[in-house]
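Sequence positions, counted from 1, serve as the residue numbers for this chain. Each ligand, and each atom within it, is numbered from 1 in the order the structure gives.
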Amino acid sequence: MNGILPLLLIVVAELSWACDHPIGHYTSMGCEPSCRRTPTGCPASYKCPHLTNPAAGMCYLGGKTYSIGDYIPEEETLSGCIAGAFCEKSFENPAATQVIYAVFDCAEFFMPPLNQTCVRQYKTKSCCSSGQVCGDAVQQLATCTLGGQVFMEGQRMEIPGNPCKSCICAPGFDENKIESNPNCYETRCFFEIYDTQRVYGGAIPVYMDYNRCCPSSWRMPEATDKVVKGLPYCNVDATMTCKYGNLTLDVGDSLEPFSFEGGVYDCKCAVPPLMHCMVTIKK
Ligand SMILES: *[C@@H]1O[C@H](CO)[C@@H](O)[C@H](O)[C@H]1NC(C)=O
Ligand SMILES: *[C@@H]1O[C@H](CO)[C@@H](O)[C@H](O)[C@H]1NC(C)=O
């Protein structure tokens, strides 16, 4: 009997984030999830007022709004190795905005790999390590077990099955209590900085892999896009549609797949208001 209960608990914990659609673009933009869920545990839709109805002369990052001339506080951008970001009029289109920014490198990017007796130390939401622990002191570090892997105190850990969350290993880490752990945090994507014009100009996120938090690119609508109707029962109400260019799709609808040299795009309306695309690479 003893073995059965823990096993059940693990299954339940995994189901709770088994959402089978990429939603990192919504969480990164600070969109509000609907309390309705899909059968696989994704929010049924999101509310993103600044995306569906952006105000003129504003920049957005992580659900916060900045006016032209505003600096974006560093704590908002450091996890992406971005500093000195500020909101500015677009160079190409004076009616639009862009974020000017600097990307920085960490010293460790240029250093030879650590020898076995050192452990780099990270802080939550930081880009670079803040130091390292070497030699005998390594024995004094706490360890964390996560998804069957053992980490040392100070190491950054990815959460299996939840690509948008990371934790820093610290004493007392419990892999079953990630939600309430102050050393765990949401990974943020920076497409609002890198790709402002597309993100706020009607594009949809393109993902290369379900296990990645952030979209790899954004795709603008094209006149050749064709809708393939899905099952008829999916559209509960108007909040359950995706608008893409001139097209309106119900949940369950998709675009006719299209190929590029390296693979195939599958784009569908799964979690409104944005469609998303998955790219399958040709082997
Ligand atoms: C590994 O790092 C430690 C501490 O910096 C140093 O004392 C030691 O010589 C290094 N070992 C090797 C094999 O480089
Ligand atoms: C949307 O419709 C307008 C007007 O019919 C047309 O000019 C435009 O090319 C269409 N856009 C796309 C992406 O199909």
Inset, instruction - List for me each residue that meets ring-ring contact (aromatic ring centres under 6.0 Å, His included) alongside F104, sequence neighbours excluded, and say none if there are none. - result: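 Once residues adjacent in sequence are excluded, F104 has no partner under the ring-ring contact (aromatic ring centres under 6.0 Å, His included) criterion.
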Closer than 4.0 Å: a protein non-hydrogen atom to [atom]:
{"atom": "atom 14 (O) of ligand 2", "answer": "yes"}
{"atom": "atom 2 (O) of ligand 2", "answer": "yes"}
{"atom": "atom 11 (N) of ligand 2", "answer": "yes"}

Legend entry - Non-neighbouring partners of R188 that pass salt bridge (charged side-chain N to carboxylate O under 4.0 Å, His left out), sequence neighbours left out: E76
Legend entry - Between NZ on residue K64 and CE on residue M29, distance to nearest 0.5 Å: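 Output value for this atom pair is 16.0 Å.
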Inset, instruction - Answer with yes or no whether the side chains of S129 and E108 bring together a donor and an acceptor at under 3.5 Å. - result: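 Per modelled atom types, E108 and S129 side chains form a pair under 3.5 Å.
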Legend entry - Between T241 and D250, a side-chain donor and acceptor under 3.5 Å: no
Legend entry - Element-labelled atoms of ligand 2 that are located less than 4.0 Å from some non-hydrogen atom of N246: 1 (C), 2 (O), 3 (C), 8 (C), 10 (C), 11 (N), 12 (C), 14 (O)
Legend entry - Interfacing atoms of ligand 2 (cut-off 4.0 Å, heavy-atom, A223): 13 (C), 14 (O)
